[in-house]
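Start at 1 and go down the list; that is how both ligands and their atoms are numbered.
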Amino acid sequence: MKVIDNLPAWHDWRSGLQDQTLGFVPTMGALHAGHQSLLQRSVAENQSTVLSIYLNATQFNDPKDLAAYPETLEADLQMAKESRVSAVLLPTYGQIYPDDYCFQVDETKFSKGLCGADRPGHFTGVLTVVMKLLNLVQPQRAYFGLKDYQQYQLIKDMAVAFFMPVDIVGCETVREADGLAMSSRNQLLDACARSKAGRFNAILRSAHSDSEAVQQLRDLEVDVDYVQSNDGRRFGAIVVNSGNGQVRLIDNVPRHQFRNTLICGPRHQ
Ligand code: PAF
């Protein structure tokens, strides 16, 4: 496995692949079983796989959230090696943003609701860095977890809108035994917060309505950013108080996994 931290070496490595199929898994590090499943799928479907680890400051609207983000590079590289990744790209801010973030990719509809409503600028940061990474890596396929469904859908739509020659592949959420979606932020939960977070998925699935889900989550004494049904899914975001600070968690469940009858609008409403 090649570990590459500069762009000339990256371009050299990439040009050696010639017409091999290349799969790409972009991450911000602190890898967990969810990332591992993306890596394994990419390795199974492509001749080479690239993992990028880049903690992208432009997508954090809250500096405290960025500062608390776990960094576990050695363990990440070990997981990449065990997953048979071909190369790991470790770029710096200067390499990714030679323009100092003057150029941005802004989506003006779907990105403004759900997580976008509470996190101004978040999806602009995500779309901009993903566009840059896809242009650098030039993979045939790029893999994203469906826990971040809004992110996945926006990236898929961006690739279509900008005629990008890449297949954006959505992969099922990997969960803990109690249903909690795997997330790098789970590491920040203390025991009490972890047990509350473990109820999140079950409540999204079992509540008869979005407002009932909100009430059940509030009864657990967690802050609810939103519970909203749209596009055949119920989406939720909560903030759990932990000894290690406030931890924001998101999840979503497809329509067939929850009880109530939805009145769904198209995504871009
Ligand atoms: O999902 C993530 O980890 C990030 O949003 C991504 C796609 C790597 C962009 O920084």
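Tyr93 OH: more than 12 foreign heavy atoms inside a 6.0 Å radius.
When heavy-atom distances to ligand 1 are checked against 4.0 Å, the residues falling inside are Pro26, Thr27, Met28, Asn56, Gln59, Val129, Val130, Phe144, Gln151, ordered by chain and number.
With sequence neighbours left out, the side chain to side chain contact (heavy atoms under 4.5 Å, CB included) criterion links Asn241 to Gln246. Residues forming a side chain to side chain contact (heavy atoms under 4.5 Å, CB included) with Ala68 (at least two apart in sequence, or on another chain): Leu188.
Taking a cutoff of 4.0 Å between a charged side-chain nitrogen and a carboxylate oxygen, Asp251 and Arg175 qualify as a salt bridge.
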In a table with atom names and distances, give each donor-acceptor pair under 3.5 Å that connects a side chain of residues 158-174 to protein atoms at least two apart or in another chain.
{"residue": "Thr173", "atom": "OG1", "partner": "Lys147", "partner atom": "N", "Å": "3.1"}

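Rounding to the nearest 0.5 Å places CD1 of Ile53 at 9.5 Å from CG of Leu89.
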